[in-house]
Amino acid sequence: GAGVSQSPSNKVTEKGKDVELRCDPISGHTALYWYRQRLGQGLEFLIYFQGNSAPDKSGLPSDRFSAERTGESVSTLTIQRTQQEDSAVYLCASSSDRSNNSPLHFGNGTRLTVT
Amino acid sequence: DQQVKQNSPSLSVQEGRISILNCDYTNSMFDYFLWYKKYPAEGPTFLISISSIKDKNEDGRFTVFLNKSAKHLSLHIVPSQPGDSAVYFCAASRGNKLVFGAGTILRVKS
């Protein structure tokens, strides 16, 4: 596909369970970002991957959140022991990052609902 | 600490008229600004951007204005069309991290 692909598109889970969200970036894009959007709020930065550099994890809200990326391809965002406040749309984006100002290309997001 | 603020949660405009969406920022180190548009159930899509060395950038019906002294930018859409109805996010960056505002819902009435 030509765009950023995220799966699942929707996820409902019980409080306390672990969830894993997946992102397939655009082929050749070296930079990958995770954001989340809570209801009525803006996009909140979570984590940034650039090539083989150490990721910028400064936006992760707690140690229950972690993310991995294999090379310059797929990324997974894992939330352990989910809480109701984790309910949000989780958005992945990639960019070619040939310059720091390359626009981000977003996926359609994963809507996570923690009951 | 909201570094990028969009103080108007919503805006309603008649088709054919101008839409003006506003954004304020607090960090004077931001050097690049972008606008994204988002339809329901889709991810945001890039619309237009401006570097801090410029005060205006135009692309068709869309123009972004930057006032660095006021730390303010705006997006003008003219003429507005019903298909422009969406959520518009302002974003600012220095380096690799984009900071987004909360968004403004634009409704263009036909």
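Just so you know, these numbers use all the heavy atoms, side chains as well, and skip hydrogens, waters and symmetry mates. Naming: A, B, ... by sequence-line order, numbering from 1 per chain.
- Under the 4.5 Å side-chain heavy-atom criterion for grouping Ile, Leu, Val, Met, Phe, Trp and Tyr, B:Ile77 is connected to B:Leu66 within one hydrophobic cluster.
- The environment of A:Glu85 atom CD is dense: over 12 non-hydrogen atoms of other residues, nucleotides or ligands sit within 6.0 angstrom.
- For CD of B:Glu15, the number of neighbouring non-hydrogen atoms (other residues, nucleotides, ligands) closer than 6.0 Å is greater than 12.
- Here OG of A:Ser102 is found 8.5 Å from OH of B:Tyr32. Values are rounded to the nearest 0.5 Å.
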Full working for side-chain contact (heavy atoms from CB on, under 4.5 Å) between A:Gln37 and B:Phe89: CA-CA 12 Å; A:Gln37 185 182 17; B:Phe89 290 98; 3.3 Å; yes
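- Listed here is the closest heavy atom pair of B:Pro44 and A:Leu43: CG-CD2, 4.0 Å.
- Both the backbone and the side chain of B:Leu98 come within contact range of chain A, each with at least one heavy atom under 4.5 Å from a heavy atom of that chain.
- More than 12 non-hydrogen atoms from other residues, nucleotides or ligands lie less than 6.0 angstrom from CZ of A:Arg64.
- The part of A:Leu91 that comes within reach of chain B is its side chain, from C-beta onward, which places non-hydrogen atoms under 4.5 angstrom from that chain.
- Each of A:Val4 and A:Val74 belongs to its own hydrophobic cluster when Ile, Leu, Val, Met, Phe, Trp and Tyr are linked at side-chain heavy-atom distances under 4.5 angstrom.
- For B:Tyr39, no part sits under 4.5 Å from any heavy atom of chain A, backbone or side chain.
- Proximity of the aromatic rings of B:Tyr36 and A:Phe106 is defined here by a centroid distance below 6.0 angstrom, and this criterion is met.
- With sequence neighbours excluded, no residue forms a ring-ring contact (aromatic ring centres under 6.0 Å, His included) with B:Phe30.
- Contact annotation for A:Ser58: only side-chain heavy atoms (C-beta onward) come within less than 4.5 Å of a heavy atom of chain B.
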